[in-house]
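First up is the structure itself, then whatever we jot down about it.
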2 protein chains.
Amino acid sequence: MGTKERRAREKEQLRRQILVAARELFVNDGYENVSMRKIANKIEYSPTTIYLYFKDKADLLDSVCKDTLLNLLKTLERLKNDKSDPVETLRKSGQAYVEFGLKYPQDYKLTFVIRPEFQKGLGLQEGSVGEKVFNYLREMVSECVRQNIFRQVDIETTGQVMWSAVHGVTLLLIDFPDFPWTEKDKLIDTVIHTTIEGLKV
Amino acid sequence: MGTKERRAREKEQLRRQILVAARELFVNDGYENVSMRKIANKIEYSPTTIYLYFKDKADLLDSVCKDTLLNLLKTLERLKNDKSDPVETLRKSGQAYVEFGLKYPQDYKLTFVIRPEFQKGLGLQEGSVGEKVFNYLREMVSECVRQNIFRQVDIETTGQVMWSAVHGVTLLLIDFPDFPWTEKDKLIDTVIHTTIEGLKV
DNA sequence: TAATCTAACTTAACAGTGTTAACATTATAC
DNA sequence: GTATAATGTTAACACTGTTAAGTTAGATTA
């Protein structure tokens, strides 16, 4: 009677296989330059098979994005234990966020700019992974507010300001690699430091 | 002998016509959803005619982006006269930048995230429009540094921090319209205010 | 075991894409 | 008025996402 479970497992396996192949191609060649046929080729199935597992190409991308967010969340939550200094934790979180974006630039762009429509359905609404990521930021910030380190009492605004800063510097560094930036790590440090100091005043 | 000039004028006219049609379609339908045939249809020429004026679709987009940057530059330079308070001018410039992005969200995204490769050839290199935009920001910032308002002596870094902040908040507001943002203008104000205060300390 | 059913997958096709090469047309120059 | 250059068009190629119809293999039932 284990046949049904086996079949389900096999089905899930192929789904993962498609996702892995798709991510790899999206990341290397860019979403628009990847065709369903290329993905199919990579996994050695016919193109239409993919449609048995994903509604369409956008749905496939959505699933890739969801994985990216899960990955980001995992990365961030590793920093949570460090409860000593809330400002230091926030600083580290910001740094980790930018680092994540620069480590997986294509993933980051796919998730946060190429297809933010996906947020409507999965990304930021209640119970979603995206919401969990922002909740993490909320926690970090609210601890700083609670300890009267930050002037602003409004946790939402404070969090959004922080997000703007790290999102901005991440995308600029990704999108304009040839721009004569200040030394990269120095810039990231300064952005985060400036924002935190600005929130204190 | 004015025939040559007339021909050149007519040619330039059709070029503009193509650009206008392309921008309108890109902005309404999104770059990827606009085909050369659609553009051709709009201006009532055959699709291949466009290739007599632009190398390819990307080149067409580049020209649209260049216009956007020119537009942004014009918007910003209107604020330059106000020499009284450099911090206030910088604040206003930041605000104008974000407002510009939100007023022409598709243009902004096309220029700053969809096709930043275009920066390589036209956008940010010497003498380009993009460089002029960043030079504007440099001027605003350096005035604040010169008057010892900002701690940081490094004008480049300071400018880049400012750019990160406004770029970040602009894109977040564009890309996640359904996110429960703080009231929009308040958020923009706070981002700019926070960054400036952070640079002062 | 043989017949049936169903889930998984493929083939063939449609309408659309960017782009090129070859052709047609028009307006200028001699 | 004829040659010449500029301008525009037609037809085609190889590709795209996606659907409908057809095939095959494995499990279920009699």
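The sequence lines fix the lettering, A, B, ..., with proteins before strands; numbering per chain opens at 1. Just so it is clear, the structure is predicted and the values come from calculations on it, not from any experiment.
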Please report the distance, rounded to the nearest Å, between CZ in B:Phe54 and P in C:dG18.
15 Å
Pairs of donor and acceptor atoms involving the side chains of residues 10-18 of chain A, under 3.5 Å and at least two apart or interchain, shall be tabulated with distances.
unit_1, atom_1, unit_2, atom_2, d
A:Glu10, OE2, A:Arg6, NE, 3.3
A:Arg16, NH2, A:Asp67, OD2, 3.0

If the cut-off is 4.0 Å, is B:Lys11 near the phosphate of D:dA6, judged by side-chain N/O to OP1 or OP2?
no
Do any side-chain nitrogens or oxygens of A:Thr49 fall under 4.0 Å of OP1 or OP2 in C:dT10?
yes
Out of A:Arg91, A:Glu99, A:Lys92, which residue meets the side chain to side chain donor-acceptor pair (under 3.5 Å) rule with A:Gln95?
A:Arg91
Please report, rounded to the nearest Å, how far the P atom of C:dA8 is from the OH atom of A:Tyr53.
6 Å
Between C:dG18 atom C1' and B:Leu60 atom CG, what is the distance in whole Å?
12 Å
Nearest whole angstrom, please: distance from the C1' of D:dT7 to the CZ of B:Arg15.
17 Å
What is the per-nucleotide protein-contact pattern of nucleotides 13-23 of chain D, from the 5' end, where B denotes a base atom under 4.0 Å from a protein heavy atom, S denotes such proximity for sugar-phosphate atoms only, and - denotes neither?
---BBBBB---
Atom CD of B:Gln13 and atom C1' of D:dT7 are separated, to the nearest Å, by 15 Å
Quick one about B:Tyr136 and B:Ser93 (side-chain donor to acceptor, distance below 3.5 Å, no hydrogens or angles considered), yes or no?
yes
Using atom types as modelled and distance alone, determine if a side-chain donor or acceptor of A:Arg37 lies under 3.5 Å from a backbone N or O of A:Pro47.
no
From D:dG8, C:dT10, D:dT10, pick the nucleotide closest to the side chain of B:Leu14?
D:dG8
Does the structure place the NZ or CZ of A:Lys109 under 6.0 Å from the centre of the six-membered ring of A:Tyr31, at an angle of no more than 45° from the ring's axis?
no
Output the rounded distance in Å from OH (A:Tyr45) to P (D:dA25).
14 Å
Donor-acceptor pairs are to be reported for all side-chain atoms of residues 193-201 of chain A against protein atoms at under 3.5 Å, with residues two or more places apart or in another chain.
unit_1, atom_1, unit_2, atom_2, d
A:Thr194, OG1, A:Thr190, O, 2.6
A:Thr195, OG1, A:Val191, O, 2.7
A:Glu197, OE2, A:Lys200, NZ, 3.1

Measure CD/A:Glu12 against C1'/C:dA8 and give the value in whole Å, please.
16 Å
Going by the angle between their ring planes, with limits at 30° and 60°, are A:Phe112 and A:Tyr97 parallel, tilted or perpendicular?
tilted
Measure the distance from CD1 on B:Ile50 to P on C:dT19 and round it to the nearest whole Å.
10 Å
